[in-house]
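Some notes on the structure that comes next.
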Amino acid sequence: MNEVLSAIHARRSTRAFTSQQVSREDLETILEAGLWAPTGMGKQLWHFSAIRNADKCLELARAVAEADNRGPAYNFYGAPCHIIVSYKRDEIHAFPDGSAAIQTMLLAAHSLGLATCWINQLRPLTDDPTIRPLLTRYGVPEDYIVIGSIALGYAAKESTPAPRKENLITITE
């Protein structure tokens, strides 16, 4: 099997992380991978804000839990590191570009032996008055919206692959 396809098959979303922090070097490698993701018209208007501090990740998760009524246990699965992908507000390519960057970073993290989970809860809360100050403090530019984020760390337990649906591919020649 192709090396890239093999990595795609092996990567899992993790729902439980250890407290071991991601090295700065690995985090920088993952962020660099995101910079090389494809982007509509080559604009690259994204911004990556990395939080490499478990207490700050938990602070953000608790704020999201409060704003979105998720309950006190919500904690981004206990990940000690978090990457927020944001993009220029009202840019037509924001969601496809940001999603490509996230997927590229997920695969880069997997290649380094790190566990990840794509987190969507921040996206609709970008402008919530309790969330926006935290986003700004953690580096998200004021005129940017959150596309998605990545919980990042080491898996506390193995995740099983989700079953794949059939008949999702059509090839016309």
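Counting from 1, the numbers follow the sequence of the chain as shown.
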With side-chain contact (heavy atoms from CB on, under 4.5 Å) as the criterion, how do Leu60 and Ile84 come out once you've worked through the C-alpha distance, each side chain's angles and the decisive distance to 0.1 Å? CA-CA 11 Å; Leu60 183 58; Ile84 302 167; 3.9 Å; yes

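- Side-chain contact check for Ile83 versus Met105: some heavy-atom pair is nearer than 4.5 Å.
- Salt bridge Glu28/Arg24: present, at least one basic N to carboxylate O contact under 4.0 Å.
- Leu106 and Val22 fall within a single hydrophobic cluster, where Ile, Leu, Val, Met, Phe, Trp and Tyr side chains are chained together by heavy-atom contacts under 4.5 Å.
- Hydrophobic cluster membership differs between Ile147 and Ile92, with clusters built from Ile, Leu, Val, Met, Phe, Trp and Tyr side chains linked at under 4.5 angstrom.
- Screening residues 47-77 for ring pair (Phe, Tyr, Trp, His ring centres under 6.0 Å) gives Trp46-Phe48, Tyr74-Phe76, Phe76-His82 as the qualifying pairs, with residues at least two apart or on separate chains.
- Crowding of Leu168 atom CG: a count of heavy atoms from other residues, nucleotides or ligands under 6.0 Å exceeding 12.
- Among all heavy-atom pairs drawn from Arg132 and Thr126, the shortest one is CD-O, 3.1 Å.
- When side chains are defined from C-beta on, Phe17 does not count as touching Leu114, because their heavy atoms never get closer than 4.5 Å.
- By the rule that hydrophobic residues join a cluster once side-chain heavy atoms approach within less than 4.5 Å of another member, Leu27 and Trp118 end up as members of one cluster.
- Annotation: ring pair (Phe, Tyr, Trp, His ring centres under 6.0 Å) contacts involving residues 126-173, sequence neighbours excluded, are absent.
- Using a 4.5 Å heavy-atom cutoff, the side chains of His93 and Thr39 are not in contact.
- Counted within 6.0 Å of CD on Glu91, heavy atoms from surrounding residues, nucleotides or ligands total more than 12; the atom is thus considered enclosed.
- Looking only at side-chain heavy atoms (C-beta outward), Leu135 and Leu122 come within less than 4.5 Å of each other.
- In this structure, the side chains of Val146 and Ile131 stay at 4.5 Å or more apart for every pair of heavy atoms.
- Residues Arg89 and Asp127 are in side-chain contact: their nearest non-hydrogen atoms beyond the backbone lie under 4.5 Å apart.
- Using a 4.5 Å heavy-atom cutoff, the side chains of Arg11 and Gln103 are in contact.
- At a threshold of 4.5 Å between non-hydrogen side-chain atoms, the residues Leu152 and Asp26 do not count as touching.
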